[in-house]
Structure formats: structure tokens, C-alpha cells
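Read through the structure below, which is laid out as C-alpha cells, and then see the notes.
Counting starts at 1 for both ligands and their atoms, following the listed order.
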Amino acid sequence: MKTVLIVFHSMTGGTRQMAEAAAAGASTELEVRVRLLAAAETGPADVLEADGYLFATPENLGAMSGMMKDFFDRTYYAVLDRIAGRPYTTLVCAGSDGENAARQIERIATGWRLKVVAAPLIVCTHAQTPETILCPKEIGGYDLGRCEEAGATIATGLALGIF
Ligand SMILES: Cc1cc2nc3c(=O)[nH]c(=O)nc-3n(C[C@H](O)[C@H](O)[C@H](O)COP(=O)(O)O)c2cc1C
């Protein structure tokens, strides 16, 4: 059975909801095992045993979140040259931008020689003030549906042997 690993970090809940929606989408593919793991709890063994990946991060200070970067720092060289060719996609929860977080993950995935199977999905919460930025987030149904589709795409591609 193939495994999809969804690694996420979230401070105010937006990315968590996106990652959970992607996990729900991936779980519709019964032939695929879905693992939804917090970045802080994910290590090289989790990356190695998966067949495809979904990386989900907030954009903080123009970059992926520190906890997500910590995940890549801890795992990058431990799995380098051992996961080449596996499929991945990226989810970013941002206030108003998100492009650089997506670009950073793309660079790391290129180093791992992963195969991108969908463009990064960026959801903007439009929080602008310190108060709204620090508030718990609620991602709308339309965007959660897009995250579900991203999860389903990876899982179905793996199940069918397309990736
Ligand atoms: C310290 C900090 C820095 C942020 N920097 C950015 C940024 O550079 N670009 C952006 O679009 N959003 C930025 N945001 C907004 C977050 O991306 C947004 O609140 C998002 O919902 C965070 O995801 P989360 O709910 O999963 O924590 C920032 C938020 C915080 C707390």
C-alpha cells in the first residue's frame, strides 16, 4: 500500500485546516495510507517511508514558518538521494502573499529531486492588523475544497501508479 505524508505547521489554525482537508481528500483513495503529521514530530524515517508528500506551511515574515524550516533542516541530508522522483505538492496559508514560502519549498523539493504534481495552492486569509493576524483562522469551504482536491490528486496518482 502506498503512503501519502502530509507535513504541516500552523500557529493560528489556517494551515492545519488546509492540511486536514487535504488528508480528507487523500483518504477517499482507499488504496492509499494517509499520514498527517505536525512538522515538529516528523523525522527522516517518516519521509523515507512515504511515497508522496504534501507540505503545508504558513507564510511568516516572507518565508515558510520556522517550524516548517526546522523540519526540512532536520531531514534534508538524511534523505537526500533516497526519495528522488517521488511526487509532491505544497499548500501555503498566508495573509496576503504566500509566494515566497511556496518558492522556498519548491527549491528544497528540487534539491530532493521530487516531482511536482500540482502548482502550489496559496490561500490568503486577508488578515492585515496585528489583532486579526493573531486571531484563530477559519478557512472557507471553497478553499478547503481545493485542498481536498490537492490531497486526492496525490493519492489517486499514487494508487493508479501515474506518479
Ligand atoms: C509573525 C507573522 C508573520 C507573517 N508574515 C506574513 C507574510 O510575510 N506574508 C503573508 O502573506 N502573511 C504573513 N503572515 C500572516 C499569516 O500567514 C496568516 O495569518 C496565516 O493564517 C498563518 O497561517 P496559520 O493560521 O496556519 O498559522 C504573518 C503572520 C505572522 C504571525
Side-chain angles (χ1 to χ4, degrees), residues 3-29 32-47 49-50 52-76 79 83 86-112 114 116-155:
T3 299
V4 175
L5 174 64
I6 302 172
V7 185
F8 75 97
H9 175 252
S10 183
M11 192 170 86
T12 54
T15 317
R16 173 186 293 277
Q17 290 157 46
M18 292 171 66
E20 287 171 349
S27 298
T28 57
E29 184 54 69
V32 169
R33 174 175 167 241
V34 180
R35 299 191 73 205
L36 176 64
L37 294 184
E41 280 145 29
T42 310
D46 302 303
V47 177
E49 70 149 35
Y53 310 97
L54 217 145
F55 304 116
T57 184
E59 178 165 274
N60 286 348
L61 305 176
M64 79 176 91
S65 70
M67 295 305 289
M68 204 65 190
K69 176 68 163 40
D70 169 74
F71 155 72
F72 284 114
D73 289 348
R74 286 183 294 101
T75 56
Y76 186 82
V79 309
I83 59 170
R86 296 181 191 177
Y88 87 99
T89 192
T90 305
L91 307 179
V92 178
C93 187
S96 55
D97 188 348
E99 296 287 345
N100 202 46
R103 203 158 28 239
Q104 289 181 319
I105 291 181
E106 187 182 12
R107 282 191 73 178
I108 292 165
T110 299
W112 271 343
L114 298 181
V116 64
V117 296
L121 198 168
I122 298 174
V123 171
C124 289
T125 60
H126 304 292
Q128 301 285 358
T129 64
E131 290 75 19
T132 55
I133 283 174
L134 293 174
C135 265
K137 301 297 182 297
E138 190 165 341
I139 306 301
Y142 170 74
D143 286 322
L144 292 179
R146 296 162 72 210
C147 296
E148 271 183 44
E149 275 173 28
T153 298
I154 287 263

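- Summary of contacts: the protein heavy atom closest to atom 24 (P) of ligand 1 is Thr12 OG1, 3.4 Å.
- At distances below 3.5 Å, at least one donor-acceptor pair connects side-chain atoms of Thr89 with backbone N or O atoms of Ala118.
- When side chains are defined from C-beta on, Met18 counts as touching Ile139, because their heavy atoms get closer than 4.5 Å.
- The closest approach between Gly13 and ligand 1 falls below 4.0 Å for a heavy atom of the residue.
- With Arg35 as reference, Asp46 is the one residue of Asp46, Thr42, Thr3 to meet the side-chain hydrogen bond (donor to acceptor under 3.5 Å, both in side chains) rule.
- For ligand 1, the atoms lying closer than 4.0 Å to a non-hydrogen atom of Pro58 are 22 (C), 23 (O), 26 (O), 27 (O).
- The heavy atom nearest to atom 21 (O) of ligand 1, out of those in Gly14, Gly95, Ser65, Cys93, is found in Cys93.
- Here the closest heavy-atom approach between residue Ala39 and residue Arg74 is recorded as O-NH2, 2.9 Å.
- A donor-acceptor contact shorter than 3.5 Å links the side chain of Gln17 to the backbone of Lys137.
- Not a single N or O atom of His9, backbone or side chain, sits closer than 3.5 Å to an N or O atom of ligand 1.
- The protein heavy-atom contact nearest to atom 2 (C) of ligand 1 is Asn60 OD1, 3.9 Å.
- In summary, the atoms of ligand 1 found under 4.0 Å from a heavy atom of Asp97, numbered by their order in the structure, are 11 (O).
- When side chains are defined from C-beta on, Glu20 counts as touching Leu36, because their heavy atoms get closer than 4.5 Å.
- Contact atoms of ligand 1 toward Ile133: 19 (O), 29 (C), 30 (C), 31 (C) (distance under 4.0 Å to a heavy atom of the residue).
- Under the 3.5 Å distance criterion, the side-chain polar atoms of Tyr88 are left unmatched by any main-chain donor or acceptor of Phe55.
- Heavy-atom proximity to Gly62, at under 4.0 Å, picks out these atoms of ligand 1: 7 (C), 8 (O).
- In terms of protein heavy atoms, atom 9 (N) of ligand 1 is closest to Glu59 OE2, 2.9 Å.
- Comparing Leu91, Leu61, Leu134 against atom 3 (C) of ligand 1, the shortest heavy-atom distance belongs to Leu61.
- Within the listing of ligand 1, atoms 23 (O), 24 (P), 26 (O) sit less than 4.0 angstrom from a heavy atom of Thr15.
- Near Met11, with a cut-off below 4.0 Å to any heavy atom, the atoms of ligand 1 are 24 (P), 26 (O), 27 (O), 31 (C).
- No more than 12 heavy atoms of other residues, nucleotides or ligands sit less than 6.0 Å from atom CZ of Arg16.
- Nearest heavy atoms, Asn100 versus Gly62: ND2-O, 2.7 Å.
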